[in-house]
Amino acid sequence: MASPRKPRVLPPGMAHARRSAVLVLVGLLASTTPLPYTAVAAIPLVWAAVESIRAILAMFRGRAPTRGIVWSAVGLVMVCALTVVVLLPYAVYGPAKRLQDCTSGANTAVALAECKSHFYGGLESLLGGFLSV
């Protein structure tokens with residue numbers, strides 16, 4: 001008879017790190033939705049940031065290997081960057097929504113280029129020339 005399997009004990013903070021990774025994937029999938037619904041992606045991304053911080057703290061307290069702490073910190077940076085990318089279009093919601101609607105209806109490359117030129121022209125007047133080089 002085989003001996004019963006012993007449950008594998010995870011290093012400190014690893015459960016938080018795994019949960020954070022799954023939440024980042026959910027947030028990444030939710031960020032691909034059209035513009036008014038991308039805000040839903042902020043919920044799992046903020047939760048992933050909290051789990052990453054918990055993982056880093058637990059790894060510090062539990063004397064986990066440095067590479068685990070580093071990877072959790074890299075994950076936290078990626079979560080913050082993705083959260084900014086998801087929430088940034090809401091700063092210029094009107095022009096961004098018009099660009100999305102225009103590009104979804106554009107059938108040719110010329111129409112797509114015209115949509116983009118209108119978008120960048122609107123942003124230039126909105127931001128007062130900060131985008132011009």
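- The environment of Phe60 atom CZ is sparse: at most 12 non-hydrogen atoms of other residues, nucleotides or ligands sit within 6.0 angstrom.
- Taking all atoms of both residues into account, the shortest heavy-atom contact from Tyr37 to Tyr90 is N-OH, 4.1 Å.
- Shown here for Met14 and Met59, the closest heavy-atom pair between the two residues is N-CE, 4.4 Å.
- The environment of OH in Tyr93 is crowded: more than 12 heavy-atom neighbours from other residues, nucleotides or ligands sit within 6.0 Å.
- For the pair Trp47 and Ser20, the minimum side-chain heavy-atom distance is 4.5 Å or more.
- Judged by distance alone, with hydrogens and angles left aside, the side-chain atoms of Ser104 form a donor-acceptor pair with the main-chain N or O of Asp101 at under 3.5 Å.
- Sorted by first and then second residue, the disulfide (SG to SG under 2.5 Å) pairs involving residues 14-66 (not counting sequence neighbours) form an empty list.
- Of all heavy-atom pairs spanning Val24 and Ala48, the tightest one is CG2-CB, 3.8 Å.
- Considering only heavy atoms from C-beta on, Cys80 stays 4.5 Å or farther from Val77 through its side chain.
- Counting heavy atoms from C-beta outward, Val40 and Thr33 have side chains that stay 4.5 Å or more apart.
- At a threshold of 4.5 Å between non-hydrogen side-chain atoms, the residues Leu45 and Leu23 do not count as touching.
- Closest heavy-atom contact between Ala111 and Asn107: CB-N, 4.4 Å.
- Of all heavy-atom pairs between Val86 and Ser31, the closest is CG2-CB, 3.6 Å.
- The backbone N or O of Leu35 sits less than 3.5 Å from a side-chain atom of Gln100, completing a donor-acceptor pair.
- Between Ser72 and Ala55, the shortest heavy-atom contact is OG-CB, 4.1 Å.
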